[in-house]
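Can you read through this structure? Questions will come right after.
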Amino acid sequence: MTSDNHQDNIIDVKDLKVHFPVTEGLLKKTVGWNYAVDGVSFSVRRGETFSLVGESGCGKSTTALSVLRMQDVTAGNIVFNGQDITHFSANKLRPIRRQIQMIYQDPFGSLNPRMKVGSIIGEPLRVHGQAKDKVKYRTRVKELMRLVGLLDDMADRYPHEFSGGQRQRICIARALALEPELIICDEPVSALDVSIQAQVINLLMDLQERLGLTYLFIAHDLSVVRHISNRVAVMYLGQIVEVADRQTLFNDPKHPYTQALLNAVPEPDPELESSRPERLIIGEVPSVRNPPSGCRFHPRCSKAIAQCKIDRPVLNLYNQSLIACHLY
Amino acid sequence: MSLLSINNLSVSFQTDRGVVQAVDQVSFDVDAGETLAIVGESGSGKSVTALSILQLLGDAGTISDGQIVFDGQNLLDLPEKDIRNIRGDRIAMIFQEPMSSLNPVLTIGKQVAEPIWLHRKKTWNEALDQAEELIKKVSIPDARQRLDAYPHQFSGGMRQRVMIAMALACEPKLIIADEPTTALDVTVQAQILSLLKNLTTELNSALILITHDLGVVARYADRVAVMYGGRIVESATAAELYKHPKHPYTEGLMASIPTLDGEPGSRLQTIEGQPPDLLHMPAGCAFHPRCPYAAEICKHAKPSLKEVEANHFRACVGYESIS
Ligand SMILES: Nc1ncnc2c1ncn2[C@@H]1O[C@H](COP(=O)(O)OP(=O)(O)O)[C@@H](O)[C@H]1O
Ligand SMILES: Nc1ncnc2c1ncn2[C@@H]1O[C@H](COP(=O)(O)OP(=O)(O)O)[C@@H](O)[C@H]1O
Ligand SMILES: [Mg+2]
Ligand SMILES: [Mg+2]
């Protein structure tokens with residue numbers, strides 16, 4: 001079964017489906033469906049970093065936005081702290097929104113260029129009516145800035161005066177303002193240079209330790225995921241193909257897609273690279289409009305058997321991992 | 001003699017906010033058939049260096065100093081007409097975004113045939129036949145039919161294959177690939193880079209591979225040049241550079257990559273501070289404000305690249321003053 005019986009889950013996603021209509025012409029007639037997320041189940045345990053990895057377009061961001069309820073879902077359930085929030089009204093969602101925050105890839109696009117950094121960081125406090133006591137408000141903003149390694153006097157500057165890494169710090173400070181339990185990090189370091197990536201990753205890990213945060217972490221850079229995660233789910237074309245703890249997933253990947261993905265990523269080690277055989281997978285990711293039958297990976301899988309074309313594999317417990325593959 | 005030898009290349013840009021010295025006294029060699037990777041953070045001058053070779057800088061950019069010697073000829077002495085003859089023939093270039101270098105209203109076949117027809121003085125039909133062969137060679141299925149397709153009908157990965165076909169059309173001695181797979185997914189990136197590497201090996205073409213991905217460098221490069229703030233700070237064979245980085249920046253860069261054997265929960269090493277702003281370049285060594293070894297002299301003296309071991313070059317005065 002796909003359900004996770006762990007006692008202290010902060011999030012349970014059950015058979016989530018998000019289908020987008022594909023429209024054509026002036027009248028926007030629906031001519032097909034984009035099965036962006038198609039039966040995804042996973043749980044995030046309190047205090048852990050749970051990562052979603054996969055190539056672009058496989059449905060990571062759509063899944064994340066659904067958890068936040070910023071994306072309407074076609075089917076399935078989102079359970080937060082034991083409460084099914086899938087159909088909560090905007091009003092009922094308000095306290096939940098405080099507890100789940102998001103950090104995006106693009107620290108440029110998500111900051112208002114006309115606001116000073118101090119007001120950007122304090123905005124969630126103002127929106128949620130926590131800025132009435134001006135002294136307390138200012139102290140809190142300063143505290144947040146220090147927490148993420150920004151200097152007090154930066155509060156009066158504008159976002160364009162900051163580099164990418166510092167802007168991501170501003171986003172993190174803003175996300176922390178309301179003391180959330182869960183932070184969804186959607187490719188938080190993908191746009192940053194290597195030397196700056198490391199600073200932001202360390203910051204995220206420090207904050208997790210100090211504040212007891214839980215992260216739902218999305219990335220396509222596997223070395224980053226390997227470093228930061230406790231458990232990892234691999235997605236392919238709108239479905240999860242494997243869930244395992246970090247060690248198992250990277251040292252002993254089971255699903256042929258996971259194996260191919262790990263092999264495609266070159267390691268920063270010329271010696272290792274020259275000794276490791278290159279096993280390329282053929283073809284490209286097919287369109288989500290017309291996903292292959294059975295296992296969605298079967299047309300590219302070197303180990304596919306007849307059954308793979310017909311039956312869709314579901315996630316099954318194998319040793320300590322969950323794997324959706326007829327070979328296991 | 002090297003196939004390409006760049007000596008003291010300097011390039012500046014006139015911008016609204018002042019003059020930017022994008023490339024500052026850069027020197028390196030590329031031998032026939034070898035793959036040289038140029039790595040560095042965004043804005044460090046990698047693309048400008050590459051564009052200078054074929055003089056594709058545009059109006060704002062000026063090559064203020066240096067030589068670019070290719071096959072014994074200083075390209076900077078040649079008239080524009082001769083450079084045009086070299087482009088796509090003896091030196092070809094592949095960019096990150098193939099859509100911007102492909103003509104949206106011409107079929108793929110016409111675009112691949114064009115350089116062959118132009119540089120090889122073949123008839124149009126001969127050029128088209130050869131284009132079909134090339135399309136097959138880059139593993140695009142149904143080559144014959146695909147000749148009549150337009151760029152928008154191709155995926156990003158397929159377009160990059162077309163670019164490779166075009167680049168290889170005249171069997172160039174040098175191919176410059178500027179972040180050719182940055183926009184692609186990892187499984188497709190692996191296919192494209194492996195294709196590029198195999199075909200350049202087959203033709204014994206040299207490859208300058210520009211990337212910020214240190215994994216890609218490790219898998220495909222023979223030698224590496226590391227750029228920082230418009231200058232090359234270190235160069236060596238790939239194996240040597242990863243194992244024994246000698247410049248504090250390279251050392252920091254290598255240490256900040258998450259590795260396979262890192263302890264769970266362990267912190268990464270970091271390079272403190274932020275990359276330099278080219279409009280307000282620090283005096284002396286551009287890296288000194290972030291350098292853990294910086295000495296007084298680093299604030300004033302601009303280090304030049306010196307051979308510190310056989311085939312291992314480093315530009316650092318501070319290190320020398322310590323050891
Ligand atoms: N708002 C939307 N409307 C229509 N299609 C969408 C929308 N958001 C995402 N998609 C499609 O859903 C699929 C999954 O996208 P996404 O979740 O962004 O993938 P990832 O984050 O893994 O790159 C893609 O095919 C994408 O084009
Ligand atoms: N057309 C241009 N006009 C003005 N400045 C430019 C232009 N092209 C590049 N530059 C500047 O030159 C520097 C180096 O750029 P580039 O070579 O593109 O860096 P990289 O490829 O290493 O990311 C950058 O600071 C950039 O702003
Ligand atoms: Mg995304
Ligand atoms: Mg560039």
Side-chain angles (χ1 to χ4, degrees), chain A residues 54-58 162-166 191-203 205-206 208-209 220-230 245-247 250-251 257 260-274 276 278-285 287 300, chain B residues 39-44 139 141 155-158 183-191 193-195 197 212-222 224 228 237-243 249 252-260 262 264-275 277 290:
Chain A
E55 299 179 83
S56 63
C58 70
F162 293 84
S163 63
Q166 284 171 314
L192 305 177
D193 282 312
V194 179
S195 73
I196 305 302
Q197 261 188 18
Q199 294 177 1
V200 174
I201 292 168
N202 283 355
L203 173 65
M205 293 177 81
D206 287 344
Q208 179 168 50
E209 222 168 81
H220 64 265
D221 182 334
L222 295 179
S223 62
V224 169
V225 167
R226 185 175 56 203
H227 185 81
I228 203 169
S229 315
N230 296 99
D245 66 70
R246 158 189 114 116
Q247 217 75 5
F250 285 98
N251 296 338
Y257 177 65
L261 190 65
L262 294 186
N263 194 270
V265 180
E267 287 290 333
D269 179 347
E271 248 171 50
L272 179 81
E273 280 301 329
S274 62
R276 130 172 138 140
E278 196 171 46
R279 273 188 243 100
L280 298 175
I281 40 171
I282 48 161
E284 298 184 7
V285 182
S287 156
R300 305 176 75 194
Chain B
V39 301
E41 317 201 333
S42 52
S44 61
S139 308
S155 68
M158 284 299 160
L184 303 176
D185 275 319
V186 284
T187 56
V188 179
Q189 160 176 302
Q191 295 167 356
L193 287 175
S194 150
L195 176 75
K197 182 80 185 177
H212 61 268
D213 185 329
L214 293 165
V216 166
V217 175
R219 186 177 283 183
Y220 300 101
D222 302 313
V224 191
Y228 189 85
T237 63
E240 171 70 13
L241 190 92
Y242 282 71
K243 229 195 223 157
Y249 172 64
L253 203 58
M254 293 297 165
S256 59
I257 320 169
T259 54
L260 270 169
S266 66
R267 298 300 185 266
L268 295 167
Q269 284 200 40
T270 60
I271 302 177
E272 291 307 314
Q274 312 291 328
D277 172 357
R290 304 175 73 187

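Hydrogens, waters and symmetry mates play no part in the numbers below; they use all other heavy atoms, side chains included. Within every chain, numbering begins at 1; the chains are lettered A, B, ... in the order of the sequence lines, protein sequences first and strands thereafter.
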Task: Residue B:V217 versus chain A: region with a heavy atom under 4.5 Å - done: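 Answer is neither: B:V217 stays 4.5 Å or more from chain A.
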TODO: For each of A:I196, A:D221, A:N202, tally heavy-atom pairs with chain B at distances under 4.5 Å, and name the one with the top tally.
DONE: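 Result: the option with the highest number of such pairs is A:N202.
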Open item on the list: Could you measure the distance from the CD1 atom of A:I281 to the CD atom of B:Q191? Nearest 0.5 Å is fine.
Closed with: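 The CD1 atom of A:I281 sits 7.0 Å away from the CD atom of B:Q191.
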Task: Residue, of A:G283, A:P268, A:G164, that accumulates the most heavy atom pairs under 4.5 Å with chain B - done: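 The answer is A:P268.
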- [ ] Please flag which part of A:D206 lies under 4.5 Å from any non-hydrogen atom of chain B: side chain, backbone, both or neither.
- [x]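 The answer is both parts of A:D206.
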Task: Under 4.5 Å from any heavy atom of chain A - which part of B:Q189 - done: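 Looking at B:Q189, just its side chain touches chain A.
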Open item on the list: Just checking B:Q269: does its CD atom have more than 12 heavy atoms from other residues, nucleotides or ligands closer to it than 6.0 angstrom?
Closed with: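 Atom CD in B:Q269 is not packed in, count stays at 12 or less.
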- [ ] Return the set of residues passing salt bridge (Lys or Arg N to Asp or Glu O under 4.0 Å) with B:D277 (not counting sequence neighbours), or none when no residue passes.
- [x]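 Applying salt bridge (Lys or Arg N to Asp or Glu O under 4.0 Å) to B:D277 gives none.
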TODO: Can you tell which part of A:I282 gets under 4.5 Å to a heavy atom of chain B, answering side chain, backbone, both or neither?
DONE: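 A:I282 touches chain B through backbone heavy atoms alone.
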Task: Results of side chain to side chain donor-acceptor pair (under 3.5 Å) for A:S287 - residues two or more places apart only - done: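 If we apply the side chain to side chain donor-acceptor pair (under 3.5 Å) test to A:S287, skipping adjacent residues, there are no hits.
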Open item on the list: I'd like to know which of B:S42, B:G157, B:G40, B:G252 tops the heavy-atom pair count under 4.5 Å against chain A.
Closed with: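 Of B:S42, B:G157, B:G40, B:G252, B:S42 has the most heavy-atom pairs under 4.5 Å with chain A.
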Task: Carboxylate-amine/guanidinium contact A:E209 B:R267, below 4.0 Å - done: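 Judged by the 4.0 Å cut-off on N to carboxylate O distance, A:E209 and B:R267 do form a salt bridge.
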- [ ] Under 4.5 Å heavy-atom distance to chain A, tell me which part of B:Y220 shows up: side chain, backbone, both or neither.
- [x]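 Side chain only.
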Task: B:T187 side, atom OG1; A:L280 side, atom CG - distance, nearest 0.5 Å - done: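 It comes to 9.5 Å.
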TODO: Report, as yes or no, whether the 6.0 Å neighbourhood of atom CD on A:E278 holds more than 12 heavy atoms from other residues, nucleotides or ligands.
DONE: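 Yes, CD of A:E278 has more than 12 neighbouring heavy atoms, counting only those of other groups under 6.0 Å.
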Task: Exercise: identify the closest heavy-atom pair between B:E41 and A:S195 - done: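 Shortest heavy-atom separation between B:E41 and A:S195 comes out as OE2-OG, 2.7 Å.
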Open item on the list: Please classify the contact between A:S223 and chain B as side chain, backbone, both or neither, with a heavy-atom cut-off of under 4.5 Å.
Closed with: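 Its backbone and side chain both get close to chain B.
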Open item on the list: Please report the interatomic distance NE2(A:H227) to CD1(B:I257), rounded to the nearest 0.5 Å.
Closed with: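 CD1 of B:I257 is found 12.5 Å from NE2 of A:H227.
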Task: Atom pair OG (B:S256) and CD1 (A:I201), whose distance is rounded to the nearest 0.5 Å - done: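 Atom-to-atom, B:S256:OG and A:I201:CD1 are 9.0 Å apart.
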Task: Region of A:Q199 in contact with chain B, defined by heavy-atom distances below 4.5 Å - done: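 The answer is both parts of A:Q199.
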Open item on the list: To check you understand the geometry: which heavy-atom pair defines the closest contact between B:Q274 and A:S163, and what is its length?
Closed with: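 In terms of heavy atoms, the two residues are closest at OE1-OG, 2.6 Å.
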- [ ] Please report the shortest heavy-atom distance between B:V188 and A:E284, naming the atom on each side.
- [x]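 Reported closest heavy-atom pair: CG2-CG, 4.0 Å.
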Open item on the list: Minimum heavy-atom separation for B:D185 and A:E55, please, with both atom names.
Closed with: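 The answer is CB-OE1, 3.0 Å.
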Task: Heavy-atom proximity to chain A below 4.5 Å, by part of B:M158 - done: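 Its backbone and side chain both get close to chain A.
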Task: Heavy-atom pair of closest approach, residues B:A238 and A:P270 - done: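 Looking at all heavy atoms of both residues, the closest pair is O-CG, 3.6 Å.
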- [ ] Could you tell me which non-hydrogen atom of B:S266 sits nearest to which non-hydrogen atom of A:M205, and how far apart they are?
- [x]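 Answer, listing the atom of B:S266 first, then A:M205: O-CE, 3.6 Å.
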